[in-house]
Amino acid sequence: MPSNAEAAEIFQSIADLLDVLGEKFKPDAYRRAARSIESLTEDLGAIAGRNELRSVPGVGDAIEEKIREYLATGHITYYDKLQQQIPAGVVELLKIPGLGPKTARRFWIELGVEGPAELTAALDAGRLDGVKGFGPKKVAQIRAAVEAFRANANAGARMPIQDAYPIAMALVRGLRQGARAEQVEVAGSFRRGRETVGDLDILVTSVEPERAFDVFSALPQVQEVRLRGGTKETVLLRNGLQVDLRVVEPASFGAALVYFTGSKDHNVQIRSLAKDRGLRVNEYGVTRGEERLAGRTEEDVYRSLGLAWVPPEIREARGEIEAAARGPLPRLVDTPDLRGDLHVHLPADAGPVEVDRLAAAAKAQHLAYLGVVTHGVDAVGDAFELPAAVRTRLAELSTPSLRLARVWEGDGGASAPPVDAAWEIVRPSARHRAPPSATRPNHRIALVAHGPADPADATAWLAFAHSAGAAVEVGPGPERLDSNGARRAREAHVLLGVPTGVGTAEDDPTGPIGLRFARRAGAVPSDVRNSAAQPPFSGASKRGRS
DNA sequence: GCCGTTTTCGGCCCGACTGTTTTCAGTCG
């Protein structure tokens with residue numbers, strides 16, 4: 001079955017193949033098309049059906065035709081022909097760090113090397129010695145890279161952002177403490193809140209760049225320093241993640257932040273807009289000839305280009321720059337907007353002390369209500385219930401300014417919540433993957449938490465949430481929607497439930513990443529159920545006690 | 001191959017770093 005992901009993959013591969021052939025601009029064109037196809041929230045087939053493929057950024061006559069061929073036949077003749085022309089192993093060579101299309105092509109044409117294994121053999125046989133452009137250091141570097149590549153097939157794989165989050169926070173703390181760094185920010189796709197990150201880009205200002213690099217290299221997470229210059233250092237962490245540290249002048253921090261936050265397409269669009277206006281943008285600032293216009297803050301940089309500031313989460317060249325040129329962008333939902341949390345768990349062995357701690361955390365975050373899961377049906381269908389002492393303590397601590405509601409979480413199957421549940425959370429389980437067929441009249445379903453398993457499932461659950469008047473939960477992890485899902489929810493006029501992370505550990509990604517996903521979907525406060533001052537079914541818990 | 005409130009042709013982001021160079025090419029982000 002054709003899929004957007006597969007189509008994007010094919011165009012990506014075409015770009016790689018054209019790279020090896022030495023094509024100058026086509027590879028970028030195919031990559032741009034691949035990136036925008038990957039980020040679509042709708043099937044290519046549906047877009048093609050409406051005859052709107054050309055509205056996808058980067059898709060012109062030629063690529064539209066290839067998409068149509070792919071949708072009709074499942075393959076692209078142009079791609080098949082390229083594959084016949086170039087051995088698959090030569091494209092594999094491109095995945096080896098430090099080895100690009102020019103080198104791969106030379107190995108193939110001049111040495112007959114058709115893949116990583118043959119490259120190792122050529123190195124062992126000394127066939128690179130004396131080849132023009134390959135001195136002893138280069139040969140050693142290539143040998144190390146190809147060996148590392150062949151030993152670890154997972155190298156270069158992207159990491160889920162929620163896994164990268166605690167690592168990034170630890171690195172930031174380490175830099176703040178030791179490096180006398182004034183401003184520290186993690187940029188790149190991490191800052192944009194992409195679901196996965198390929199590496200981390202950390203930006204700091206420091207009066208002592210050398211010291212920042214020294215401190216960074218010595219952090220316990222760092223395995224090896226890959227390169228180090230005057231302004232940047234690249235290290236490999238023990239868990240395989242690559243991290244770039246860049247030290248910039250305070251006067252350039254904003255420009256560097258824009259530049260290294262990306263996305264690539266956003267930057268390209270910004271630069272070409274600047275060029276149209278006779279300006280020049282780089283990571284040091286915005287200039288007109290010799291005159292320096294901006295650079296210290298992101299707001300300055302965007303303003304100097306005649307643009308409103310663009311939140312990092314939507315810097316994807318999907319129309320945000322045009323919108324920012326027209327005026328201020330809608331204010332995306334942010335932490336202070338979250339007035340409550342619909343879905344909070346306590347540990348199974350929690351006691352009154354944990355409830356006290358949770359209430360204190362909720363007050364610190366100025367939350368007005370929490371839905372604490374006290375009973376329900378777990379993923380394998382067994383009923384569970386928190387100890388009576390916990391439920392009693394929740395009732396004792398619940399006040400008009402902080403409502404602590406006891407909620408029921410189940411899978412929409414036969415088990416139903418008792419009347420003392422303030423509201424119900426429904427999610428799929430192994431037994432009940434599909435949503436309940438109809439809204440059950442006496443239930444108070446406030447939130448749907450569901451896995452992304454299958455787009456068809458997601459559609460069904462969104463429809464269910466809509467008919468039940470329930471929100472859907474966004475955030476990292478298997479039972480929440482990612483940002484693409486959140487965008488689909490918005491398009492389906494379903495409110496989002498955004499986790500606050502209340503009561504979780506310092507480096508827990510649930511709250512911060514959940515918020516980023518919602519923002520990435522373009523959510524404003526009114527798109528978020530728990531930005532309302534009142535909890536759902538606010539009269540219900542009293543009724544339940546009678 | 002894509003794209004256009006200067007263009008339907010002629011551009012296409014731009015700088016850091018490395019290694020092998022005698023002034024630059026390749027890679028990366």
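Below, chains carry the letters A, B, ... as their sequence lines are ordered, and counting in each starts from 1.
Look at R280(A) and you'll find a side-chain N or O under 4.0 angstrom from OP1 or OP2 of dG15(B). Close to dC28(B), at under 4.0 Å from its OP1 or OP2, lies no side-chain N or O of T234(A). Listed pair N282(A) / dG15(B) meets the phosphate criterion, a side-chain N or O lying under 4.0 Å from OP1 or OP2.
For dT6(B), the base is anti relative to its sugar; the glycosidic angle deviates from 0 by more than 90°.
If you check dC17(B), dC13(B), dG1(B) against the side chain of T231(A), the one that comes closest is dC17(B). Between dC2(B), dT27(B), dG15(B), one nucleotide has an atom nearer to the side chain of A29(A) than all others, and that is dC2(B). Closest to the L227(A) side chain, of the nucleotides dT20(B), dT18(B), dA16(B), is dT18(B). Counting only heavy atoms from C-beta on, K26(A) has its side chain closest to dG1(B) among dA16(B), dG29(B), dG1(B). Of the candidate nucleotides dT18(B), dG1(B), dG19(B), dG19(B) has the atom lying nearest to any side-chain atom of K137(A). Here the side chain of K102(A) is nearest to one of dG1(B), dG26(B), dC3(B), namely dG26(B).
A donor-acceptor contact closer than 3.5 angstrom links the side chains of E322(A) and Q269(A). A donor-acceptor pair shorter than 3.5 Å can be found between the side chains of S217(A) and E233(A). With no hydrogens or angles considered, a side-chain donor-acceptor pair links R158(A) and T196(A) at under 3.5 Å.
Rounding to whole angstrom units, CD of residue Q12(A) and C1' of dG1(B) are separated by 15 Å. We find that CD1 of I14(A) is positioned 11 Å from C1' of dG1(B), with the value rounded to whole Å. Rounded to whole Å, the distance from NZ on K132(A) to P on dA25(B) is 10 Å. Rounding to whole angstrom units, CZ of residue F134(A) and C1' of dT20(B) are separated by 11 Å. Rounding to whole angstrom units, CG of residue D19(A) and C1' of dT27(B) are separated by 11 Å. Protein atom CD of E233(A) is 10 Å distant from nucleotide atom P of dT18(B), rounded to whole Å. If you take CD1 of I142(A) and P of dT27(B), they are 9 Å apart, rounded to a whole angstrom. One interatomic measurement links the two molecules: CD1 of I202(A) to P of dG29(B), which rounds to 15 Å at whole-angstrom precision.
With both ends at atom C1', the span from dT5(B) to dT18(B) equals 44 Å, rounded to whole Å. dC9(B) and dC14(B) have their C1' atoms separated by 24 Å, with the value rounded to a whole Å. dT21(B) and dG26(B) have their C1' atoms separated by 12 Å, given to the nearest Å. When the C1' atom is compared between dG29(B) and dC13(B), the two are found 11 Å apart, to the nearest whole Å. Separating the C1' atom of dT22(B) from that of dC12(B) is a span of 31 Å, rounded to the nearest Å. Using atom P as the reference point in both dC28(B) and dT23(B), the two lie 26 Å apart (nearest Å). Between dA25(B) and dT20(B), the two P atoms lie 16 Å apart (nearest whole Å).
Closest-nucleotide positions on DNA chain B for K232(A) and K138(A) were compared, and the one nearer the 5' end corresponds to K232(A). In terms of position on DNA chain B, the residue among V281(A) and L99(A) whose nearest nucleotide sits closer to the 5' end is V281(A).
Under the 3.5 Å distance criterion, the side-chain polar atoms of S263(A) are matched with a main-chain donor or acceptor of R315(A).
In this structure, F25(A) does not pack face-to-face on the six-membered ring of dC2(B), missing the 5.5 Å centre cutoff or the 30° plane limit.
Among the protein residues, Q141(A) comes within range of the sugar-phosphate backbone only, with heavy atoms under 4.0 Å from sugar or phosphate atoms but none that close to a base. Q269(A) comes within contact range of no nucleotide atom at all, as no heavy-atom separation falls under 4.0 Å. Within the nucleic acid shown, P27(A) has no heavy atom closer than 4.0 Å to any nucleic acid atom. Residue contacts shown for G188(A) are absent, as no nucleic acid heavy atom lies under 4.0 Å away. Among the atoms of the strands shown, none is found under 4.0 Å from any heavy atom of I270(A). Nucleic acid contact for K275(A): sugar-phosphate only, since backbone atoms but no base atoms lie under 4.0 Å from a heavy atom of the residue. Within the nucleic acid shown, S272(A) has no heavy atom closer than 4.0 Å to any nucleic acid atom. In this structure, D61(A) reaches the sugar-phosphate backbone alone: every heavy-atom distance under 4.0 Å involves primed, P, OP1 or OP2 atoms, never a base.
Base pairing annotation: dT8(B) forms no Watson-Crick or G-U wobble pair, as no partner gives both donor-acceptor distances under 3.5 Å.
Taking the six-membered ring for Trp and thresholds of 30 and 60 degrees, F107(A) and F134(A) have ring planes inclined between 30 and 60 degrees apart.
Among all heavy-atom pairs drawn from R192(A) and P312(A), the shortest one is CG-O, 3.4 Å. Closest of all the heavy-atom pairs between N51(A) and E64(A) is OD1-OE2, 4.1 Å. The minimum heavy-atom distance linking L257(A) with E185(A) is given by the pair CD1-CG, 3.6 Å.
With hydrogens and angles left out, the side chain of Y259(A) and the base of dG29(B) share a donor-acceptor pair within 3.5 Å.
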